[in-house]
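When reading the values below, keep in mind they use all heavy atoms of this one structure, side chains included, and skip hydrogens, waters and symmetry mates.
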Amino acid sequence: MNQTQSYAIVTGSSQGLGRAIAEECAGRGLGLILIALPGTGLPEVSEVIRLIYGVPVEIWEADLTERDVPGRLAEWISERNLHIELLVNNAGTGYNSRFRDSSLKENDATIELNVLALVRLTYLLLPRIVESRGRILNVASLAAYFPMPYMPVYSPSKSFVVNFSLALREELRDSDVEVSVLCPNGIRTNQSCRVRIDAQGLAGRLTCLYPDEVARYAVKQLLRGRAVIVPGWINRILQVVGRIVPRSLVF
């Protein structure tokens with residue numbers, strides 16, 4: 001492999017926001033290491049990106065909640081001495097129901113992927129990112145700023161991502177590594193997401209964006225060194241509201 005080529009690692013990159021971020025990175029000349037679950041169309045996505053953008057694309061079809069996967073990926077990158085310019089922790093999951101109607105499996109999976117897998121991958125790849133003076137983009141959600149009934153585990157998991165990202169950014173202040181956290185509102189990706197957004201009526205239509213819009217804004221702000229990235233001006237107002245308004249007024 002070309003050792004002068006810089007790479008972006010993007011998790012959850014077979015569709016939606018992850019794919020859009022991958023394409024945005026490829027358009028800027030970065031090679032890609034794409035990670036997604038088996039059977040989600042990752043080989044086809046990688047081939048399309050390779051043909052359109054002319055950049056090297058490697059794929060890992062794996063479940064990041066399997067504890068050995070981040071370690072195996074880190075070893076693979078180290079063996080090839082790849083220059084990692086950017087790590088995008090985008091993979092995430094959640095469910096929409098009352099907590100008492102949920103399953104332990106759903107709750108465990110949300111915490112395992114949204115929190116533990118993100119921490120493991122960041123920890124294992126951080127030495128190489130520091131060496132490359134690269135960047136980290138963690139994908140949280142605007143839900144991080146609000147207690148969310150019917151999403152009682154997802155929302156706190158994204159609050160963790162925000163606080164973890166900002167703490168790590170401060171720790172790395174003198175290392176030339178920048179950490180940013182992306183907090184989008186609704187994104188029109190798959191059918192279930194579109195249905196939930198449409199069910200919100202006018203509010204959903206005003207605050208939602210398409211994956212390519214979020215990806216374009218996110219990468220632009222990342223390169224400017226923005227700590228917290230919130231796409232959409234209405235969403236930025238909501239973020240401020242979520243931070244300063246008393247909880248008793250939120251509900």
Side-chain angles (χ1 to χ4, degrees), residues 8-28 30 32-36 40-42 45 48-49 52-53 85-94 96 113-114 118 135-146 148 151 154-155 157-162 164-166 169 178-200 202-243:
I9 301 170
V10 187
T11 68
S13 49
S14 60
Q15 58 188 330
L17 178 59
R19 175 174 178 172
I21 291 175
E23 293 201 39
E24 191 68 25
C25 292
R28 295 173 181 270
L30 289 175
L32 299 174
I33 301 170
L34 304 181
I35 305 168
T40 58
L42 192 59
V45 168
V48 169
I49 293 176
I52 292 175
Y53 297 99
E85 177 70 24
L86 174 62
L87 167 63
V88 181
N89 284 307
N90 167 72
T93 190
N96 195 302
L113 183 58
N114 297 5
L118 181 148
R135 291 180 170 89
I136 298 171
L137 177 64
N138 292 326
V139 178
S141 167
L142 200 61
Y145 295 95
F146 298 91
M148 299 286 289
M151 303 183 76
Y154 175 84
S155 174
S157 75
K158 293 303 185 178
S159 296
F160 174 90
V161 174
V162 170
F164 170 74
S165 301
L166 295 180
R169 179 184 177 92
E178 290 189 341
V179 181
S180 299
V181 59
L182 173 63
C183 298
N185 203 332
I187 303 176
R188 289 189 175 275
T189 53
N190 56 40
Q191 181 62 30
S192 63
C193 288
R194 291 193 290 269
V195 168
R196 287 199 299 272
I197 291 169
D198 291 340
Q200 297 171 16
L202 179 61
R205 291 194 297 275
L206 288 175
T207 58
C208 75
L209 294 167
Y210 287 92
D212 61 323
E213 294 176 306
V214 176
R216 191 179 311 115
Y217 182 81
V219 173
K220 183 178 180 180
Q221 295 302 313
L222 170 73
L223 295 176
R224 288 179 173 177
R226 178 80 65 182
V228 180
I229 302 168
V230 182
W233 67 269
I234 295 178
N235 296 324
R236 289 192 282 277
I237 293 173
L238 291 174
Q239 181 213 13
V240 173
V241 169
R243 292 170 57 190

Least distance between heavy atoms, [X] atom then [Y] atom:
X: Leu30; Y: Ala8; result: CD1-CB, 4.0 Å
X: Ala144; Y: Val162; result: CB-CG2, 3.7 Å
X: Leu166; Y: Ala227; result: CD2-CB, 4.1 Å
X: Val179; Y: Arg169; result: O-NH1, 2.8 Å
X: Cys183; Y: Pro231; result: O-CD, 3.8 Å
X: Pro211; Y: Ala20; result: O-CB, 3.5 Å

Side chains of [X] and [Y]: closer than 4.5 Å at any heavy-atom pair?
X: Val48; Y: Arg19; value: yes
X: Leu222; Y: Leu86; value: yes
X: Leu182; Y: Val214; value: yes
X: Val139; Y: Val161; value: no
X: Val181; Y: Phe164; value: no
X: Ser13; Y: Val45; value: no

With rounding to the nearest 0.5 Å, note down the distance linking [atom1] in [X] to [atom2] in [Y].
X: Leu118; Y: Phe160; atom1: CG; atom2: CZ; answer: 7.5 Å
X: Arg236; Y: Leu142; atom1: CZ; atom2: CG; answer: 11.0 Å
X: Ile21; Y: Leu32; atom1: CD1; atom2: CG; answer: 11.5 Å
X: Leu87; Y: Ile136; atom1: CG; atom2: CD1; answer: 5.5 Å
X: Tyr145; Y: Leu238; atom1: OH; atom2: CG; answer: 12.0 Å
X: Ile229; Y: Gln239; atom1: CD1; atom2: CD; answer: 11.0 Å

### Query
Does atom CZ of Arg226 have more than 12 heavy-atom neighbours, drawn from other residues, nucleotides or ligands, at distances under 6.0 Å?
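It does not: Arg226 CZ has 12 such atoms or fewer within range.
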
### Salt bridge flag under 4.0 Å for residues Glu85 and Arg135
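So Glu85 pairs with Arg135 through a salt bridge.
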
Would a distance-only check, ignoring hydrogens and angles, find a side-chain to backbone donor-acceptor pair under 3.5 Å from [X] to [Y]?
X: Ser180; Y: Leu137; answer: no
X: Asn114; Y: Thr93; answer: yes
X: Ser141; Y: Ser155; answer: no

